[in-house]
Amino acid sequence: MISVFLETIIQAIGVILVSPLYSGILDKWKANVASRKGQSIFQPYFDIFKLLKKETTVSSNASSIFIYTPYVVFSTYIVISLVIPVVYPEPILLTPTVDFLGGALLFSLAGFLKIIEAMESGSNFVALGSARAASFSFLGESTLITVFFAVALITGTNNPYIEHEFAQIPQYYLALDHILATVAFFMLWLFETGKLPVESSGLAELGMIDDALIYEHSGKPLALLKWGGYMKQYLLGSVLLNVFLLPWGMQLGVLGAMEDIGIMFIKWLFLLFIALVIDTSLAKLRLFKVQDFLAVAFVLSITSLLLSVIQNA
Amino acid sequence: MIYFIYLLFILSIFLSIFEKKIGYALSAITSIIFVYYGITIGNIYGYFFIISGLVWLFSSIFSIFYDTYGRWLSPLFITSILGMAIALTARTYIEFLAGWEIMTIPAYAIIGLNRKLDSPAFIFMGFGELSTILIFAGFIYAYTTSNSFYFTALDTYIPLIVVTFGFMIKMGIFPFLVTEWLPIAHGNSPANASAILSATMTLVAAYGIVKMMLLSPDIPILGYILMGIGGFSIFFSALYAYISEHVKGLLAFSTIENNGAILSAIGVYMTYPTKTIAEFALDVIVTFAFAHSIAKTGLFMISGTVEGEALSKLKIIRNKLGEIGGILLASSMSGLLPNIGGVATWSLLESLFMEAYILHSTLSSISIITGSVIAMGEGFASAAMIKFISYTQVFKGITGKSAKITIFSIIGFVILILGSLSYLLFRNFIYGVPSLGIPNGFIIISEYSSGKIFGDISPFYVLILIVVFSLLTLGIFGKPKVRKTNTWNNGIKPREEYTAFAFANNIRLMLSKLLRTEIKGDSLETSTNIFWKVMYYIAKKYVSFSRRLARSYMNSSISWYIIYMILAFILITILVVIL
């Protein structure tokens with residue numbers, strides 16, 4: 001029981017503490033590719049600490065819902081970190097709280113709360129970003145759900161930890177249905193984490209989706225929303241790595257759990273490298289073309305689902 | 001006991017003619033008794049009684065503060081409730097039909113008395129009676145095969161097919177979406193009437209299908225058809241809800257979306273992939289009925305607290321309690337945990353994909369495509385609910401207090417608590433993993449056969465964990481030091497707002513072919529509900545064709561009538577020879 005407890009703590013704390021690092025690394029690499037020295041890989045941490053100390057300015061239209069919902073959004077990502085295999089490959093404490101689909105619904109809950117509390121600022125610009133985020137949700141949410149079910153239809157259970165057992169059969173990862181689901185999920189990861197070719201982080205208002213939602217925030221709520229964003233990127237990316245792309249090499253036991261943080265770091269460098277190549281070689285899509293991008297991901301995930309039942313019929 | 005309940009409702013009707021508040025109060029008390037009656041029933045039908053009773057209770061209380069529509073709304077409102085009570089508790093086909101008509105006619109009168117246009121009430125009545133004809137036909141066939149007016153087991157599935165399509169029209173299922181949204185939106189139905197029209201009247205229809213389904217033999221093909229129709233209803237109605245500019249029209253479309261979900265779950269039951277999945281699907285039907293009916297009542301109440309009809313031009317009184325209640329209701333309707341709506345969405349998708357897995361054949365593609373379309377619909381539903389709650393409570397408005405806001409806020413918390421009580425609805429699917437910190441009784445599992453667990457969920461733990469971690473986060477990082485300031489609105493005049501209409505414009509443009517979006521001058525025009533446009537076009541063409549036919553060949557010419565008689569004689573002779 002104590003070992004499970006420690007493994008749980010390592011996974012949750014690992015997600016919370018390590019997640020900003022990967023954004024720092026990607027930003028540093030992007031700067032290097034552009035022949036700039038770039039900021040420190042620890043810059044996201046510096047930003048968070050700076051924001052935590054700052055005063056919070058709040059719109060006169062907003063109530064405490066606007067101020068405290070970021071705490072709930074942050075907590076929702078902590079809950080998700082307990083239920084999917086993002087560090088440790090076996091079920092930990094409270095893992096049965098939700099299955100894969102339940103995890104997808106929790107991501108949707110965090111997204112819903114983020115939009116609603118942003119709208120409370122009463123800012124027209126935030127409303128524009130919210131409208132964009134809401135408009136693309138029909139393809140984003142559905143792809144997340146169908147991709148997760150793609151795993152369920154292959155394995156016969158909606159429990160994501162089953163992938164650890166399937167990792168013993170490498171040829172399963174070369175099956176067409178699995179490859180299609182992986183590509184679909186990777187495309188979704190690019191969308192959900194606001195990466196090119198879907199969205200370019202920065203102040204380019206014409207293409208803003210997710211960044212517009214935090215426009216009116218400052219101080220601690222902004223720090224938590226940004227931190228939550230890093231956690232979301234880590235959670236989705238780690239599911240991509242541990243369930244779809246590279247499930248191998250994970251260690252068991254308390255010491256193994258600590259090693260897993262390092263193993264995940266290596267896996268993440270691989271994912272960040274792919275993201276870097278895409279980010280530095282592709283142009284941003286026009287806003288309405290994002291729908292086409294997501295539609296391709298959705299169709300790939302449905303094709304994967306259909307193949308998984310028809311192939312083995 | 002049931003006759004006592006009827007009597008109390010009748011008394012409420014009479015009292016409401018003279019003093020409507022007393023009438024509504026007695027109706028609320030009677031609804032509590034009806035809920036108790038549902039609890040004593042102890043089977044699946046009892047759940048429908050509990051849901052209906054709760055909706056009537058909340059709507060009656062709300063009506064006390066809401067009804068400023070003159071003396072006739074209250075008796076008609078309570079009469080409609082009486083009709084639903086009779087239909088729900090009917091033991092015979094005749095009682096059911098009597099209840100069905102007592103429910104429908106006052107609703108027609110409510111829409112007719114509060115009309116801005118004549119057509120919505122007639123359309124409501126027209127489609128309502130079309131549905132009655134089909135239900136009547138199905139019941140007659142059931143009677144001829146069973147020789148009984150009582151709801152008894154049948155050895156043919158034909159009555160089930162006929163009544164199902166009758167009930168589907170009443171539920172506003174694709175392509176009959178107009179039955180639901182037009183009377184509520186264009187008919188300008190009052191918010192309290194809209195709540196029962198949308199929440200329980202369609203629930204009676206779903207109850208009717210379930211009742212006949214449990215009495216009829218298995219018919220998997222109908223199940224697949226219903227599953228598909230349900231899925232497409234969800235997709236289109238959620239899409240139309242999102243682009244709808246009418247405060248109640250949006251909710252009416254959302255009702256169709258929920259009815260589509262209930263129909264899909266009914267479809268899963270009818271296909272009967274395994275006994276375990278069928279039992280699970282029955283629980284899904286009840287859970288969805290709970291989630292939809294109660295939350296929709298609260299959302300219609302929100303529509304009753306605002307002034308105006310167009311979402312972009314509403315006058316809003318808002319407060320924090322109202323916002324929290326509204327957000328809870330909207331999140332449940334978006335299918336999000338830990339509310340009961342989240343449990344309902346999770347269980348529906350699980351049942352569909354379990355079916356796909358267990359069949360593992362080309363037939364699986366039906367449940368996969370239905371599940372995928374539903375997943376897309378859920379995305380639109382979330383967007384629609386975000387838009388609705390933003391423009392009725394959250395985005396702008398004047399801060400104030402109102403008893404009406406308090407009532408729907410209470411319903412919001414009820415919806416949240418119902419999520420954690422949903423274990424009661426899945427009694428055969430309760431589980432626990434004490435070794436991982438969740439004791440027995442706190443997990444709902446989805447199984448495709450005994451012992452074969454597909455997925456699991458613990459709404460209570462989701463709620464508790466989010467609350468605990470939020471408090472921990474607050475404890476660790478502390479409260480922020482807050483300073484209020486005006487919002488920077490990009491240099492435009494503060495009075496100019498990002499409207500609700502603009503909120504859905506991305507979709508209007510991105511799905512312009514599907515929505516028939518046109519840009520005329522400076523404005524966008526969208527055809528909401530193309531199915532109604534097509535039906536309307538066909539009806540107009542038919543009328544014009546009939547008129548031409550009548551003028552040309554039925555113009556009182558004796559020669560033509562002799563030709564008709566000869567043709568009829570030949571036709572009958574041929575039929576007699578063949579048969």
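Both backbone and side-chain heavy atoms feed into the values below; hydrogens, waters and symmetry mates do not. First the proteins, then the strands, lettered A, B, ... as listed; each starts at 1.
Interface residue A:L94: backbone and side-chain heavy atoms are both found under 4.5 Å from chain B. Contact annotation for A:L105: both backbone and side-chain heavy atoms come within less than 4.5 Å of a heavy atom of chain B. With a 4.5 Å cut-off on non-hydrogen atoms, B:Q393 does not touch chain A at all. In this structure, no portion of B:A381 lies under 4.5 Å from any heavy atom of chain A. For chain A, no part of B:K452 is nearby; none of its heavy atoms comes within less than 4.5 Å. Proximity to chain A is limited to the side chain of B:I368, based on heavy atoms less than 4.5 angstrom apart. Using a 4.5 Å cut-off between heavy atoms, B:V433 contacts chain A through its side chain alone, with no backbone atom that close. Contact annotation for A:S108: both backbone and side-chain heavy atoms come within less than 4.5 Å of a heavy atom of chain B. Residue B:S435 touches chain A through its backbone alone, counting heavy-atom pairs closer than 4.5 Å. For A:N61, the parts lying under 4.5 angstrom from a heavy atom of chain B are both the backbone and the side chain. For a residue to count as touching a neighbouring chain, one of its non-hydrogen atoms must lie under 4.5 Å from one of that chain's; by this rule A:F149 touches chain B with the side chain only. Interface remark: B:I389 contributes side-chain atoms only to the contact with chain A (heavy atom separation under 4.5 Å). Residue contact with chain A, scored on non-hydrogen atoms closer than 4.5 Å, involves the side chain of B:Y448 exclusively. Only the backbone of A:I92 comes within contact range of chain B, judged by heavy atoms closer than 4.5 Å. Contacts of A:V4 with chain B are made by side-chain atoms alone, with heavy-atom separations under 4.5 Å and no backbone atom involved. Only the side chain of A:F136 has a heavy atom closer than 4.5 Å to any heavy atom of chain B.
With hydrogens and angles left out, the side-chain atoms of A:S64 and B:K320 include a donor and acceptor closer than 3.5 Å. Donor-acceptor pairing under 3.5 Å is lacking for the side chains of B:Y498 and A:S130. No side-chain donor-acceptor contact under 3.5 Å links A:N124 and B:E497.
Here the straight-line distance linking atom NZ of A:K220 with atom NZ of B:K481 works out to 10.0 Å at 0.5 Å rounding. For the atom pair CD1 of B:I386 and CD1 of A:I115, the computed distance is 4.0 Å after rounding to the nearest 0.5 Å. With rounding to the nearest 0.5 Å, the separation of CG in B:L509 from CZ in A:F288 is 4.5 Å. The OG1 atom of A:T143 sits 9.0 Å away from the CE atom of B:M376 when rounded to the nearest 0.5 Å.
Under the side-chain contact (heavy atoms from CB on, under 4.5 Å) criterion, B:S367 pairs with B:M227, B:L352, B:E355, B:A356, not counting sequence neighbours. Under the rule for a side-chain contact (heavy atoms from CB on, under 4.5 Å), the partners of B:V373 that lie at least two apart in sequence or sit in another chain are B:F235, B:I369.
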Practice problem: Just do the side chain to side chain contact (heavy atoms under 4.5 Å, CB included) check on A:V58 and B:T485 with the steps written out, would you? | Solution: CA-CA 6 Å; A:V58 171; B:T485 179; over 6 Å; no

Quiz item: Which is it for A:E55 and B:R483 under the salt bridge (charged side-chain N to carboxylate O under 4.0 Å, His left out) test, yes or no, and what are the steps along the way?
Solution: CA-CA 7 Å; A:E55 184 187 43; B:R483 180 165 57 89; 3.1 Å; yes

Practice problem: Give the intermediate values and the outcome of side chain to side chain contact (heavy atoms under 4.5 Å, CB included) for residues B:Y242 and A:S135. | Solution: CA-CA 9 Å; B:Y242 182 38; A:S135 298; 3.0 Å; yes

Self-check item: Test side chain to side chain contact (heavy atoms under 4.5 Å, CB included) applied to A:T57 and B:V482, step by step
Solution: CA-CA 6 Å; A:T57 51; B:V482 174; over 6 Å; no

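When atom types are taken as modelled, the side chain of B:S458 and the backbone of A:T97 share no donor-acceptor pair closer than 3.5 angstrom. Here the side chain of B:K484 pairs a donor or acceptor atom with the backbone of A:A62 at under 3.5 angstrom.
For the pair B:F380/A:E141, no side-chain contact is recorded, criterion being any heavy-atom separation below 4.5 Å from C-beta on. Side-chain contact between B:S470 and A:Y68 is absent, with no heavy atoms from C-beta onward closer than 4.5 Å. The shortest side-chain heavy-atom distance between A:Q291 and B:L511 falls under the 4.5 Å cut-off. Residues B:I324 and A:I65 are in side-chain contact: their nearest non-hydrogen atoms beyond the backbone lie under 4.5 Å apart. In this structure, the side chains of A:L224 and B:F477 come closer than 4.5 Å at one or more pairs of heavy atoms. At least one side-chain heavy atom of B:P480 sits under 4.5 Å from a side-chain heavy atom of A:Y71. Under the 4.5 Å side-chain criterion, counting only non-hydrogen atoms from C-beta, B:W346 is in contact with A:D99. B:S390 places a side-chain heavy atom less than 4.5 Å from the side chain of A:I116.
Listed options B:Y461, B:F395, B:F469 were ranked by heavy-atom pairs under 4.5 angstrom with chain A; first place goes to B:F395. For the set B:D456, B:L465, B:L336, B:V394, the count of heavy-atom pairs under 4.5 angstrom toward chain A peaks at B:D456. Interface remark: of the candidates A:G219, A:P91, A:G156, A:G156 forms the most heavy-atom pairs closer than 4.5 Å to chain B. Here A:L101 is the residue among A:I78, A:V98, A:L101 with the most heavy-atom pairs under 4.5 Å with chain B. Ranked by heavy-atom pairs shorter than 4.5 Å toward chain B, the options A:L52, A:I145, A:L109 are led by A:L109. Each of A:P221, A:S75, A:S60, A:S63 has some count of heavy-atom pairs under 4.5 Å with chain B, and the biggest count is that of A:S75. Highest contact tally toward chain B, considering only A:L139, A:T155, A:D292, A:V72, is held by A:V72 [criterion: heavy-atom pairs under 4.5 Å]. Annotation: maximal heavy-atom pairing with chain A below 4.5 Å, among B:N319, B:N486, B:I453, B:L474, occurs at B:L474. Among A:N158, A:L305, A:L82, the residue making the largest number of heavy-atom pairs under 4.5 Å with chain B is A:N158. When the candidates B:I438, B:I443, B:I374 are compared by the number of heavy-atom contacts under 4.5 Å with chain A, B:I438 comes out ahead.
The neighbour count for A:Y45 OH, taken as heavy atoms of other residues, nucleotides or ligands under 6.0 Å away, is above 12.
Legend: side-chain hydrogen bond (donor to acceptor under 3.5 Å, both in side chains) pairs involving residues 368-383 of chain B, not counting sequence neighbours: none detected.
Contacts of residues 294-302 of chain A with chain B at a heavy-atom distance below 4.5 Å involve A:F298, A:I302, listed in sequence order.
The shortest heavy-atom contact between B:S334 and A:F112 is OG-CE1, 3.6 Å. Heavy atoms only, all atoms of each residue included: A:S137 and B:A383 are closest at OG-CB, 4.2 Å. The shortest heavy-atom contact between B:T487 and A:S59 is OG1-OG, 2.9 Å.
Using a cut-off of 4.0 Å between Lys/Arg side-chain N and Asp/Glu carboxylate O, B:R318 and A:E120 are scored as salt-bridged.
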